[in-house]
There are 2 protein chains.
Amino acid sequence: MIDEKTAREDVVRAADELFYARGVQAVGMDAVRTAAGVSLKRIYSLFASKDELIVAVLRHRTQVWDSGLATASEPATTARERILAIFDFLDAWFREPDFRGCAFINTHGELGASSTAVADAVREQKRTFGEYVARLVADAGAPAALAPQLAILAEGAQTTAAIAGTPEAAHHARAAAETLLDAATGPRR
Amino acid sequence: MIDEKTAREDVVRAADELFYARGVQAVGMDAVRTAAGVSLKRIYSLFASKDELIVAVLRHRTQVWDSGLATASEPATTARERILAIFDFLDAWFREPDFRGCAFINTHGELGASSTAVADAVREQKRTFGEYVARLVADAGAPAALAPQLAILAEGAQTTAAIAGTPEAAHHARAAAETLLDAATGPRR
DNA sequence: TTGCGCGGAGAACGTTCGTTCTCTACTGTA
DNA sequence: TACAGTAGAGAACGAACGTTCTCCGCGCAA
């Protein structure tokens, strides 16, 4: 038998892919079982309920998102460049063929009203992202009020791209972010 | 027996409230029946399936949104004021006690992957809103590229407010819109 | 009054789903 | 070889849901 840590990872990864592609409620635990190659009995010994698995999947997504963002901003040397790298990261994501919007927003729309654990996990991820942006804004020497504006742009780009099914929202959001940065720090600085 | 038009309206209005408050999939047709006071048999003579009812609800929401926006922008005399009125409208909406985010975004997250009819209805509403913003931007004498940026701000404010559970995203988005308007048309014009 | 058609209430049906249970096979040990 | 413990496969269970069907009562024509 594979060890507990690996089994957990297999289940979370399989559930993540299925949940993201079809929506959480449209995926049964049987489908997770089949995709992960882990018996139902085992899954329920690792997670007390589907709700708990959903939260684990969201936490996993948070890690993937954070590390993806970190990688995308590595080449940047200034805070301004790191801020704009967020939108380049979004652009690359939107172009992936299986892009279906922000999993956190989608899951919140599905279960935010009925499961506070899910709502909390989603809120936590958005809060973390907001703090990341706030740090970059401070590094750029811009007023703190700029940070939530940039976060809202990123958020809006994700839902717009998801619904329209096209990636150009990333470009529009990036252009708006540049204008806001220029206005806040003085152009071309 | 009440006439067909009234029965339809009763069902759509009841379903709208339930779907918005709890999510579409969490509401059974029995709950719609009880809330609307219309028998299941009648409901299924008015709508071929739950999917069709969902689409009707989304169309109804579109009308409510459009007329609400029109009312909110009535006092405005310039295109710039009408644009900013969008964010005041959002602010008032976010403060309503039963605000739970944009119904179109929520429903898209729930069913966009499995029902193309739902995805189309959502896309249609976002397209209409985008055109409304584009008209205002043209009236304001600003470059067309500003319109999608403002639309993304409005979109992002809605999801941010829904997830955070607080209304301040409307204020942030409005401030960003002002900055973008100033940059596009020259300040204080 | 009698018969008829229509609509409402909700029972019934078939399916799906989350969760648990049963049975079987296998591993390691003496 | 005999046995105890464990895990996998999937059957089973109870609930919920979308949809259809049955039964009953009412209004109306003759």
Side-chain angles (χ1 to χ4, degrees), chain A residues 1-58 106-107 109-118 121, chain B residues 1-58 106-107 110-111 113-118 121:
Chain A
M1 185 192 62
I2 54 181
D3 68 297
E4 183 170 318
K5 187 154 162 282
T6 309
R8 241 189 113 89
E9 281 170 8
D10 287 352
V11 172
V12 167
R13 194 160 18 235
D16 185 27
E17 279 174 29
L18 289 171
F19 288 170
Y20 183 64
R22 302 191 220 155
V24 172
Q25 303 197 81
V27 174
M29 294 297 274
D30 254 31
V32 174
R33 187 259 295 275
T34 305
V38 175
S39 76
L40 274 182
K41 199 175 170 181
R42 193 87 196 280
I43 293 178
Y44 276 96
S45 80
L46 295 167
F47 307 94
S49 65
K50 188 182 184 181
D51 242 49
E52 209 168 273
L53 171 60
I54 296 166
V55 171
V57 165
L58 290 177
N106 292 347
T107 308
E110 253 189 284
L111 300 174
S114 54
S115 165
T116 57
V118 167
Chain B
M1 184 192 63
I2 53 181
D3 68 298
E4 183 170 318
K5 186 153 163 284
T6 309
R8 241 188 113 89
E9 281 171 9
D10 287 351
V11 171
V12 167
R13 193 161 16 237
D16 185 27
E17 279 174 29
L18 290 171
F19 289 171
Y20 182 64
R22 301 191 222 156
V24 172
Q25 303 197 81
V27 174
M29 295 296 274
D30 255 31
V32 175
R33 185 259 296 274
T34 304
V38 175
S39 76
L40 274 180
K41 198 174 172 182
R42 194 89 195 280
I43 293 178
Y44 276 96
S45 81
L46 294 166
F47 306 94
S49 64
K50 190 183 183 180
D51 243 49
E52 210 167 271
L53 172 59
I54 296 167
V55 172
V57 166
L58 290 178
N106 292 346
T107 308
E110 253 189 285
L111 299 173
S114 53
S115 164
T116 57
V118 167

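Naming convention: chains lettered A, B, ... in sequence-line order (proteins, then strands); numbering from 1 in each chain.
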Could you check whether B/Val32 gets within reach of a base, just the sugar-phosphate, or nothing at all, counting any heavy atom under 4.0 Å?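 Touches nothing.
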Close side-chain approach of [X] and [Y], heavy atoms under 4.5 Å:
X       : Y        : result
A/Leu46 : A/Glu52  : no
B/Lys50 : B/Val32  : no
A/Phe19 : A/Thr107 : no
A/Phe47 : A/Val55  : no
B/Asp30 : B/Arg33  : yes

Using whole Å, report how far [atom1] of [X] lies from [atom2] of [N].
X       : N      : atom1 : atom2 : answer
A/Leu46 : C/dG18 : CG    : C1'   : 16 Å
A/Asp10 : D/dG8  : CG    : P     : 12 Å
B/Glu52 : D/dG18 : CD    : C1'   : 14 Å

With sequence neighbours left out, write down each residue that passes side chain to side chain contact (heavy atoms under 4.5 Å, CB included) with A/Thr116, or none if nothing qualifies.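 By the side chain to side chain contact (heavy atoms under 4.5 Å, CB included) rule, A/Thr116 matches no residue at all.
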State, to 0.1 Å, how close A/Ala31 and A/Leu18 come at their nearest heavy-atom pair, and which atoms those are.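 Nearest pair, atom of A/Ala31 first, then A/Leu18: O-CD1, 3.6 Å.
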Check nucleotides 19-24 of chain C for protein N or O atoms closer than 3.5 Å to its own N or O atoms and list the pairs.
{"residue": "C/dT19", "atom": "OP2", "partner": "A/Tyr44", "partner atom": "OH", "Å": "2.6"}
{"residue": "C/dT19", "atom": "OP2", "partner": "A/Lys50", "partner atom": "N", "Å": "2.9"}
{"residue": "C/dT19", "atom": "O5'", "partner": "A/Tyr44", "partner atom": "OH", "Å": "3.4"}

Atom OG in A/Ser45, atom CG in A/Leu40: separation rounded to 0.5 Å?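 That separation rounds to 11.0 Å.
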Distance-only donor-acceptor test (3.5 Å): side chain B/Arg33, base C/dG10: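 By the distance-only test, yes, there is a pair.
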Does anything in residues 11-21 of chain B reach DNA chain C, meaning a heavy atom under 4.0 Å, and if so which residues?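 Output list: empty, so none.
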